[in-house]
Amino acid sequence: MRAHHDPEKRVVVLGGTGFVGRHVHAAFAAAGWEALTVGRTAAADVALDLTAAPPRALAAALDRHRATAVVNAAGDYWGLGEERMRHSFVTVTERVLAAADLAARRPRLVQLGTVLEYGPLPEGRPLTEDAPIDPVGGYGRTKYAATRAVLDADADAVVLRVTNSVGPGAHPSSLLGKVGHALLDAVRRGRSATLELAPLRAVRDYLDVRDLAEAVVAAAGADASGRVVNIGTGRAVPIRRLVGDLIEVSGVRAEIVEREPASAAQVSPGAIAEWLQVDPATARRVLGWTARRTLRDALDDFWKDLLDGARR
């Protein structure tokens, strides 16, 4: 028997087959929403390349689904230059806004931004929504331009500026993704691992991706239109400890070799801030959301997902 869904809870998740998007889709479904994914691959419910498709194509998908909310979790950035990131984030966001205007019913938009839209803060100062905007690097600059497009539009929208996330399906180019895949390769080869990494100096706020997904669901129904809300745990964790915890979870013997990146292209988008801790007070007050999972659980489930994928 088909489960009953509230007709006012119908969401379209753009980028719904990616790392964050697929967890967002699952969280909406668990909360009783009728959830539809849009992405470039056949794995999506609707295959649509948002970097090329005109706004009317997305508007048609919104109308067919009778969407009351749309989540913009789309966009590539790993290994891309700033111009291509601008197309991936800014151009796509502008098309999403145009599609929402063309839809028979304008949906609530939840836009995923990044805490890297802010400038670096001194150690010990939690990141609040009134922190100075001074993005360093192409990722932060292009995400901020996308945020500005949303806030400047006449739209029912909320922007979530999110911190680093980890969990099942983490991108292999991310720090913990790279470590996890190297450990998995060591398991396959039956040997110890040598992990060549950039210096593990940073202390950052890391979030279980499933907590992030629940924040997105909360934002879709909250009275938060026109607002920016920071999403993080409120705890700054040494990156070295996270890497060590993942090695421990895996049970693989590993040696860490730290080297400075040879070029700026080898620096990950999240590697700019050496110290970062989000103040989650606004999310708690406005969205009724607080991170509830432990990072150990996120790492454990990430590793189990890698092993499961290797067995398939």
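The first residue of the sequence shown is numbered 1, and numbering continues consecutively from there.
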Heavy-atom donor-acceptor pair, [X] side chain to [Y] backbone, under 3.5 Å:
X: Q277; Y: G234; answer: yes
X: R108; Y: A219; answer: yes
X: H171; Y: F19; answer: no
X: T163; Y: G232; answer: no
X: H87; Y: T51; answer: yes
X: D205; Y: V278; answer: yes
X: T68; Y: E8; answer: yes

(request) Taking all heavy atoms of V136 and all of P120, pick out the closest pair and write down the distance. (result)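 Closest pair (atom of V136, atom of P120, distance): CG2-CD, 3.9 Å.
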(request) For residues I239 and L200, report the shortest heavy-atom separation together with the two atoms involved. (result)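 Shortest heavy-atom separation between I239 and L200 comes out as CG2-CD2, 3.8 Å.
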Consider only side-chain heavy atoms of I, L, V, M, F, W and Y, link residues closer than 4.5 Å, and tell whether [X] and [Y] are in one cluster.
X: I256; Y: Y206; result: yes
X: V249; Y: L242; result: yes
X: W289; Y: V286; result: yes
X: V46; Y: V92; result: yes

Electrostatic pair [X]:[Y] at N-O distance under 4.0 angstrom:
X: D101; Y: R106; result: yes
X: R148; Y: E117; result: no
X: D185; Y: R189; result: yes
X: R240; Y: E258; result: yes
X: E260; Y: R201; result: yes

Less than 4.5 Å apart, any side-chain heavy atom of [X] and any of [Y]?
X: V228; Y: L151; value: yes
X: R204; Y: V237; value: no
X: V150; Y: T93; value: yes
X: E214; Y: V24; value: no
X: I133; Y: P135; value: yes
X: P168; Y: R210; value: yes
X: L276; Y: V115; value: yes

(request) Could you point out which residue of L14, N72, V20, V159 forms a side chain to side chain contact (heavy atoms under 4.5 Å, CB included) with L112? (result)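 When side chain to side chain contact (heavy atoms under 4.5 Å, CB included) is applied between L112 and each of L14, N72, V20, V159, only V20 qualifies.
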In this structure, are over 12 heavy atoms from other groups packed under 6.0 Å from [X] atom [atom1]?
X: D152; atom1: CG; value: yes
X: R40; atom1: CZ; value: no
X: R293; atom1: CZ; value: yes
X: D308; atom1: CG; value: yes
X: R296; atom1: CZ; value: yes

Nearest 0.5 Å please: distance from the [atom1] atom of [X] over to the [atom2] atom of [Y].
X: E196; Y: R259; atom1: CD; atom2: CZ; value: 4.0 Å
X: K178; Y: L197; atom1: NZ; atom2: CG; value: 5.5 Å
X: T114; Y: L160; atom1: OG1; atom2: CG; value: 11.5 Å
X: D279; Y: L127; atom1: CG; atom2: CG; value: 8.5 Å

(request) Output, in order, the C-alpha distance, side-chain angles, deciding distance and verdict of side-chain hydrogen bond (donor to acceptor under 3.5 Å, both in side chains) for Q111 and T147. (result) CA-CA 8 Å; Q111 172 82 4; T147 290; 5.5 Å; no
(request) Could you go through the salt bridge (charged side-chain N to carboxylate O under 4.0 Å, His left out) check for D208 and R292 one step at a time? (result) CA-CA 9 Å; D208 188 306; R292 60 190 182 89; over 6 Å; no
(request) Start with the C-alpha gap between E83 and R141, add the side-chain angles, then the distance that decides, and say whether salt bridge (charged side-chain N to carboxylate O under 4.0 Å, His left out) holds. (result) CA-CA 11 Å; E83 193 55 40; R141 285 192 292 267; over 6 Å; no
(message) Run Y139 and F89 through ring-ring contact (aromatic ring centres under 6.0 Å, His included) and show every step you take.
(response) CA-CA 9 Å; Y139 178 68; F89 294 130; 5.8 Å; yes
(request) With side-chain contact (heavy atoms from CB on, under 4.5 Å) as the test, would you mind laying out the steps for L299 and L176 before giving the verdict? (result) CA-CA 9 Å; L299 294 173; L176 294 174; 4.0 Å; yes
